[in-house]
Amino acid sequence: MTENPDPETGFLEQLGQRVRTMRALHGMSRKVLAKVSGISERYIAQLESGKGNVSIVLLRRVSDAMGAHLEDLIPANEPAPDWPVIRDLLRKATPNQIAQAKDILSGQGSAASALRRTPFAGIALIGLRGAGKSTLGKMLARKIGWSFVELIALYGQEGFRRMEQAALGQLLARKELMVLATGGGIVSEPLTFDLILSSFYTIWLKAEPEEHMARVRRQGDLRPMADDRSAMAELRTILLSREPLYARASAVVDTAGLTVDAAAARLIDAVAPVLHEEARMFARG
């Protein structure tokens with residue numbers, strides 16, 4: 001007779017999977033996570049395999065090192081995709097804003113303010129490092145006559161995330177059309193990524209993992225996987241964890257096997273409907 005699985009064993013396995021996924025989402029190798037958290041790499045490997053002797057204090061150190069929320073690591077029923085955005089908005093909200101949100105969610109208030117459309121800011125490029133966001137973004141901006149802006153990636157602590165959000169807010173305040181190249185890990189910051197999705201026509205520049213790695217090596221930049229003998233495996237894990245978020249983009253441009261010029265041509269084709277719509281809106285006044 002087969003014994004029922006131990007619920008505690010199942011919990012630890014799910015916990016390990018969440019830690020592994022969150023680490024990959026933030027683009028961290030085990031070695032980097034161990035260094036930042038002050039916890040041994042061996043312990044983190046045990047934790048991710050579901051065999052770690054977990055204490056809440058050590059788990060908090062792991063979540064803090066990844067710039068994640070502790071609750072995101074605890075196995076539970078999967079929340080709605082927008083839950084991290086709603087949660088972070090609630091944490092920043094004033095008492096009056098929370099009261100208004102409660103009225104809307106309960107059906108007692110007007111949803112008009114919640115449905116106001118964010119002004120269109122341009123085209124944003126997302127994807128892993130080595131996707132060609134900077135190179136292709138500059139080429140696209142020159143072609144269509146918009147400004148090109150690169151949003152510098154800031155990882156880890158809450159203060160850095162707030163700086164990244166503030167930088168994006170300042171860009172949007174310019175009220176000028178732009179091509180925006182984002183950091184690969186932008187999708188791991190719910191509020192910042194949601195603002196990009198609502199303000200830009202977002203395009204995921206996609207390539208094969210081997211191409212990402214080759215391009216990054218040519219750039220001489222292996223952050224955050226430097227000196228990691230399993231860099232390729234780490235990159236695959238990062239891509240796998242981020243793919244569901246990258247897939248929320250308005251369009252996907254697959255650059256696998258293409259030259260730079262061919263990839264740029266494919267990107268220009270992908271944005272043609274947006275440019276047509278923008279010209280039509282401008283003609284309307």
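Among residues two or more places apart in sequence or in another chain, the side-chain contact (heavy atoms from CB on, under 4.5 Å) test is passed with Gln17 by Arg20, Thr21. Applying the side-chain contact (heavy atoms from CB on, under 4.5 Å) test to Leu197 and every residue at least two apart in sequence or in another chain returns Phe193, Thr202, Arg248.
Residues Trp146 and Leu275 form a side-chain contact, since some pair of their non-hydrogen atoms from C-beta on lies under 4.5 Å apart. Val179 is not listed as a side-chain neighbour of Val271, based on a closest heavy-atom distance of 4.5 Å or more. In this structure, Arg142 and Phe148 have side chains that are not in contact, with every pair of non-hydrogen atoms separated by 4.5 Å or more. In this structure the side chain of Thr255 never reaches within 4.5 angstrom of the side chain of Arg266, judged on heavy atoms. Counting only heavy atoms from C-beta outward, the side chains of Leu168 and Leu180 approach each other to under 4.5 Å. In this structure, the side chains of Leu267 and Leu125 come closer than 4.5 Å at one or more pairs of heavy atoms. Ser37 is listed as a side-chain neighbour of Ile44, based on a closest heavy-atom distance under 4.5 Å.
Sorted by first then second residue, the ring-ring contact (aromatic ring centres under 6.0 Å, His included) pairs that include residues 237-268, not counting sequence neighbours, are Trp204-Tyr246. Contacts classified as salt bridge (charged side-chain N to carboxylate O under 4.0 Å, His left out) and involving residues 249-260 (residues at least two apart or in different chains) are not found. Among pairs with a residue in residues 200-210, those fulfilling salt bridge (charged side-chain N to carboxylate O under 4.0 Å, His left out) read Glu210-Arg236, at least two apart in sequence or across chains.
The residues Arg91 and Asp88 are annotated as salt-bridged, a charged nitrogen and a carboxylate oxygen being separated by less than 4.0 angstrom.
Cluster note: Leu89 groups with Val85, Leu191 through ILVMFWY side-chain heavy atoms spaced under 4.5 Å, whether in direct contact or through intervening members.
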